[in-house]
Amino acid sequence: MNMSSANVTVVIEYRDSLTKAVTKNVIVVVLSISLNYIHAGLIHTFRKHQVFYMNPRYILFFHLVVNDMIQMTLTVILFIISYTLYKINVSMCCVFLLLALFATENTPLNLACMAVECYIAICMPLRHVQICTIRRTLILIGLIWITSMLSVLPDLFISLATEPLDFFNSRVFCLRETAFPNPHIIKKRDITYITYLVVVWLVIFYTYFRILFTAKAASKDAKKARNTIVLHGFQLLLCMATYAEPLLRTALLQWFPKTFSDSLFACYIIIHILPRAISPIIYGVRDKTFRKYLKRYLLCKVSTQ
């Protein structure tokens with residue numbers, strides 16, 4: 001049995017009861033609406049104050065928040081579809097998956113770029129203004145999207161070249177393995193994810209330890225930057241769990257066969273929802289400048305009500 005048919009068989013066998021399905025969907029929808037509301041507040045705060053437009057750190061953060069909103073919205077839509085429509089047209093599935101994969105693979109690259117910017121600000125403060133310009137930051141964001149597209153689009157091209165035209169008019173349970181079933185895609189994905197994992201973690205470790213040595217000089221900004229890198233690392237760890245998700249699904253089926261659907265739901269929350277809750281903590285709560293303007297926005301909203 002190939003990977004795609006195995007996944008569909010597992011999904012059919014471990015369907016939830018109506019009560020459990022409704023409960024899970026309500027939890028996911030409430031969490032996504034709550035987080036997107038918080039993200040919308042962060043975006044509104046960024047847009048209303050020019051001080052953030054001139055700072056590469058906040059521009060990268062703005063991109064991360066928008067990217068998180070796209071990723072979470074698309075994965076929640078796919079989650080709801082899996083319970084309501086169950087199977088959808090392959091072409092529509094491909095569109096949802098490609099957009100979700102772009103946003104998913106953008107996140108670790110964006111976090112790595114933010115860690116590098118933090119490192120330059122602390123370890124090379126005199127050169128920070130020269131290196132981290134607005135123009136270079138926007139180019140960097142463009143490169144992040146290009147890198148993700150170069151990683152994901154070959155899945156579509158390989159499927160178009162190897163699958164019959166009727167396949168794209170058929171209906172499937174929307175998974176990456178069912179929409180892009182060619183086994184070469186699985187191998188390419190594994191190689192890409194391992195490369196991402198190694199490169200991004202090297203960046204995180206390098207920047208953390210360089211900032212750690214600088215922090216020994218008792219610089220308050222350096223210590224704060226070090227803690228920010230730690231949070232980035234934790235967020236990145238959760239995001240990187242996406243790369244191990246196929247292996248994790250197989251392991252969960254072997255370890256917890258009786259509660260497999262519940263285990264998958266817990267993984268979905270931890271891998272796809274929880275990392276999106278960390279961004280507001282890093283900059284919405286911990287960053288003094290952003291917190292000051294965010295408080296004004298929230299206080300104004302409360303007073304108008």
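Residue numbers run from 1 in the order of the sequence given. Computation of the quantities below employed the complete heavy-atom set of this structure, encompassing side-chain atoms and omitting hydrogens, waters and symmetry-equivalent molecules.
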When you compare the side chain of [Y] with that of [X], does any pair of heavy atoms fall below 4.5 Å?
| X | Y | value |
| --- | --- | --- |
| Phe102 | Ile70 | no |
| Leu175 | Phe180 | no |
| Phe167 | Pro181 | yes |
| Ile141 | Ile59 | yes |
| Thr73 | Ser32 | no |
| Val29 | Phe79 | no |
| Tyr196 | Thr147 | yes |
| Tyr37 | Ser34 | no |

task = May I ask you to say whether Lys188 pairs ionically with Asp155, meaning some side-chain N is under 4.0 Å from a carboxylate O?
result =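 Salt bridge present between Lys188 and Asp155.
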
ask   = Salt bridge or not for Arg189 and Glu177, using N-O below 4.0 Å?
value =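 Glu177 and Arg189: salt-bridged.
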
Rounded to the nearest 0.5 Å, what's the gap from [atom1] on [X] to [atom2] on [Y]? Could you check?
| X | Y | atom1 | atom2 | value |
| --- | --- | --- | --- | --- |
| Ile33 | Ile38 | CD1 | CD1 | 12.5 Å |
| Leu126 | Met124 | CG | CE | 10.5 Å |
| Thr104 | Met72 | OG1 | CE | 12.0 Å |
| Leu60 | Ile144 | CG | CD1 | 6.5 Å |

inquiry  = For Asp68, run the side chain to side chain contact (heavy atoms under 4.5 Å, CB included) check against Val66, Leu64, Val65 and tell me which one passes.
reply    =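 The passing option is Leu64.
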
If you look at every heavy atom in [X] and [Y], which pair is closest and at what distance?
| X | Y | value |
| --- | --- | --- |
| Ser159 | Ala179 | OG-O, 4.0 Å |
| Ser151 | Glu105 | OG-OE1, 2.7 Å |
| Ile191 | Thr195 | O-OG1, 2.8 Å |

key: Geometric class of the Phe62/Phe46 ring pair [parallel <30°, tilted 30-60°, perpendicular >60°]   =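 Phe46 vs Phe62 ring planes: parallel.
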
message = Heavy-atom count check: over 12 atoms from other residues, nucleotides or ligands less than 6.0 Å from Met92 CE?
response =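 Not buried by this count: 12 neighbours or fewer within 6.0 Å.
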
key: Same apolar cluster: Leu165 and Phe157, side chain cutoff 4.5 Å   =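 Different hydrophobic clusters.
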
query = Given the side-chain rings of Tyr53 and Tyr58, with only the six-membered ring counted for Trp, is the space between their centroids under 6.0 Å?
reply =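 They do not qualify: ring centres at least 6.0 Å apart.
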
query = Can Asn110 and His63 be counted as having a side-chain donor-acceptor contact under 3.5 angstrom?
reply =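 The criterion, which ignores hydrogens and geometry beyond distance, is satisfied for His63 and Asn110.
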
